[in-house]
Amino acid sequence: MKIASWNVNSIKVRLVQVLQWLETENPDVLALQELKCESQLFPVEAIQKLGYTYSCVNGQKTYNGVAIISKDKINHIVTPDMDEQHRIISAEINNINIINVYMPNGESTDSPKYQYKLTWLNYFKQYLSEQVKKHKKIIVLGDFNIAPEDQDVHDPLLWNEKVLCSTLERNAFQEMLQLGFIDSFRLFEQPPKSYSWWDYRMLGFRRNAGLRIDHILISQDLKNICQRSSIDKAPRKWERPSDHAPVIVEIMSKN
DNA sequence: ATGGTAGAGGATCTA
């Protein structure tokens with residue numbers, strides 16, 4: 001079972017790329033973030049034509065918005081948002097609980113948005129702690145807007161204690177792991193300087209000035225059946241790309 | 001001191 005996550009930064013603009021990527025990579029499940037569209041405007045038909053019969057959307061106008069599309073049946077859809085910002089959608093597919101998140105960015109550590117992010121992270125940790133009591137097989141994936149370690153940052157000195165890299169955010173990430181999750185990417189040997197997001201500005205991608213802020217966490221029960229975890233940089237080189245690359249995990253078996 | 005780019009929506013806000 002191949003499961004992927006991609007912050008598309010507007011599904012309306014990125015639909016062409018998403019369809020192209022689905023055709024080449026053929027994942028069973030794709031979690032999308034930053035749809036920037038209302039749920040009823042999500043392009044279900046075009047996606048269904050590629051065999052993704054099932055989908056669930058938690059959209060909103062202008063900002064945020066998340067969705068899960070799947071070849072296999074989607075059950076128990078929930079959207080446990082903290083407030084009016086639509087950032088979470090969770091569903092069960094093939095007996096695995098998939099929690100798709102778009103975490104707040106925070107803007108900068110002196111911004112009120114940073115305080116909002118910390119509050120939101122606290123809320124989400126609480127939600128996860130409830131989920132681990134209820135389910136054994138859980139995947140938490142999406143745009144975390146946190147680079148967990150210095151090895152996930154192109155220039156750790158430049159980013160030292162900056163938003164996305166600050167100690168409080170990294171602590172929150174570790175506290176999520178301590179609930180019983182593993183950063184699937186680090187289960188395997190990876191190319192050095194692997195990132196998932198590059199700023200559109202200042203030739204970020206060409207300089208590989210990136211951060212690894214998109215993650216796929218798996219619960220302990222999935223560790224031994226996790227086959228692969230990777231970042232696909234290819235779509236970032238395409239015409240009119242998202243600033244994020246898709247991240248992928250492969251789990252053995254369907255049940 | 002604050003740019004640089006992209007998307008939404010029609011002036012800024014968010015990232």
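Every value quoted in this text rests on a predicted model; they were computed, and no experiment measured them. In what follows, chains are A, B, ... by sequence order, proteins preceding strands, each numbered from 1.
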Nearest-nucleotide pick for [X], side chain only, options being [options]:
X	options	result
Met202(A)	dG4(B), dA15(B), dA8(B)	dG4(B)
Arg201(A)	dA6(B), dG4(B), dG9(B)	dG4(B)
Tyr200(A)	dG3(B), dA8(B), dA6(B)	dA6(B)
Lys113(A)	dA6(B), dA8(B), dT14(B)	dT14(B)

Check the angle between the aromatic planes of Tyr195(A) and Trp198(A) and answer parallel, tilted or perpendicular using the 30° and 60° thresholds.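 It falls in the perpendicular class, over 60°.
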Pairwise 5' ranking along DNA chain B for Ser10(A) and Asp199(A), keeping only the more 5' one: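 Checking each residue's closest nucleotide, the 5'-ward one belongs to Asp199(A).
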Please determine if a side-chain N or O atom of Lys12(A) lies less than 4.0 Å away from the OP1 or OP2 oxygen of dG7(B). no
Counting only side-chain N and O atoms of Arg240(A), is one of them less than 4.0 Å from OP1 or OP2 of dG7(B)? yes
In whole angstrom, give the distance that lies between atom [atom1] of [X] and atom [atom2] of [N].
X	N	atom1	atom2	answer
Leu35(A)	dA15(B)	CG	P	15 Å
Asn105(A)	dA15(B)	CG	P	5 Å
Asn9(A)	dG7(B)	CG	C1'	6 Å
Glu107(A)	dT2(B)	CD	P	15 Å
Leu203(A)	dA6(B)	CG	P	10 Å
Gln60(A)	dA8(B)	CD	P	14 Å
Leu41(A)	dA8(B)	CG	C1'	13 Å
Glu38(A)	dG7(B)	CD	C1'	16 Å

Salt bridge or not between [X] and [Y]? Use side-chain N to carboxylate O under 4.0 Å.
X	Y	value
Arg87(A)	Asp143(A)	no
Arg186(A)	Asp152(A)	yes
Arg212(A)	Asp183(A)	yes

How would you label the contact of Tyr102(A) with the nucleic acid (heavy atoms, under 4.0 Å): base, sugar-phosphate, or nothing? sugar-phosphate
For Arg87(A), answer base if it contacts any base atom (sugar-phosphate contacts may also be present), sugar-phosphate if it contacts only those atoms, and nothing otherwise; contact means non-hydrogen atoms under 4.0 Å. sugar-phosphate
Considering only atom [atom1], compute the distance from [N] to [M] and round it to an integer number of Å.
N	M	atom1	result
dA1(B)	dA11(B)	P	30 Å
dG4(B)	dT14(B)	C1'	16 Å
dG10(B)	dA6(B)	C1'	16 Å
dT5(B)	dG9(B)	P	22 Å

Do Asn9(A) and Tyr200(A) touch side chain to side chain, with heavy atoms closer than 4.5 Å? yes
Do Asp214(A) and Asn7(A) have side-chain N/O donor and acceptor atoms under 3.5 Å apart?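 Short answer, no.
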